[in-house]
Amino acid sequence: MDKSKRPFIKSKRSFRRRLPPIQSGDRIDYRNMSLISRFISEQGKILSRRVNRLTLKQQRLITSAIKQARILSLLPFLNNEKQFERTESTTRTANFRTKNK
C-alpha cells in the first residue's frame, strides 16, 4: 500500500491527564507565597507558561503577582546564593597562593 493512501492509525497509548497546577479555589495574589513560589525557578526566574501548564490569563496574573511581590520585597529579584559561594572560594584560593610565596 502506498504511503499516501494508508489510513491514519491513532496510537492506542493511554496517557494520564495532568491536574491543573492552580485549582479553582486558589486566589492568585502577591500575598499567596506558597502558590507563587511554585512558578519561580531556583534562580528566581519566572517559569514559562509551557512549563507551568497554565492558561494565558493565569500566567499573566501569576507574572503580575510575582512582580508585585518583588517590588514589595516579599520575593528577591535574583537568587544569588551560587554567586556568593563562587566569590568566597576564589578569595580562599587567592589567600592560599599568597601565603605559600
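The first residue of the sequence shown is numbered 1, and numbering continues consecutively from there.
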Check: Among I36, T63, I22, which one satisfies side-chain contact (heavy atoms from CB on, under 4.5 Å) with I28?
Finding: I22
Note to self: Before you tell me yes or no, could you show the steps for I46 and F39 under side chain to side chain contact (heavy atoms under 4.5 Å, CB included), namely the whole-Å CA-CA distance, both residues' side-chain angles and the distance that decides it to 0.1 Å?
What the structure shows: CA-CA 6 Å; I46 301 172; F39 304 107; 5.7 Å; no
Note to self: With a 3.5 Å distance limit and no angle check, can you tell me whether N52 reaches the backbone of S48 through a side-chain donor-acceptor pair?
What the structure shows: yes
Check: D29: what forms a side chain to side chain donor-acceptor pair (under 3.5 Å) with it, not counting sequence neighbours?
Finding: R31
Check: Which heavy-atom pair separates A65 from Y30 by the least distance, and what is that distance?
Finding: O-CB, 3.5 Å
Notebook entry, point to check: According to a 4.5 Å side-chain heavy-atom criterion applied to Ile, Leu, Val, Met, Phe, Trp and Tyr, with indirect links allowed, do L72 and I62 form part of one hydrophobic cluster?
Noted result: yes
Next item on the list: Could you pull out the closest heavy-atom pair between K45 and R70, with the gap in Å?
Entry: CA-NH2, 4.2 Å
Margin query: Between M33 and L47, is there shared hydrophobic-cluster membership here, with clusters defined by ILVMFWY side-chain heavy atoms closer than 4.5 Å?
Written below: no
Note to self: Give me the atom names and distance for the closest heavy-atom approach of R38 to L35.
What the structure shows: NH2-CD1, 2.7 Å
Check: Is there side-chain contact between L75 and I40, with at least one heavy-atom pair below 4.5 Å?
Finding: yes
Item checked: Test side chain to side chain donor-acceptor pair (under 3.5 Å) applied to S34 - qualifying residues, sequence neighbours left out -> N32
Item checked: Point-to-point distance, once rounded to the nearest 0.5 Å, from CG of L74 to OG of S37 -> 12.0 Å
Margin query: So does Q59 get a backbone contact from the side chain of R49, meaning a donor-acceptor N/O pair under 3.5 Å?
Written below: no
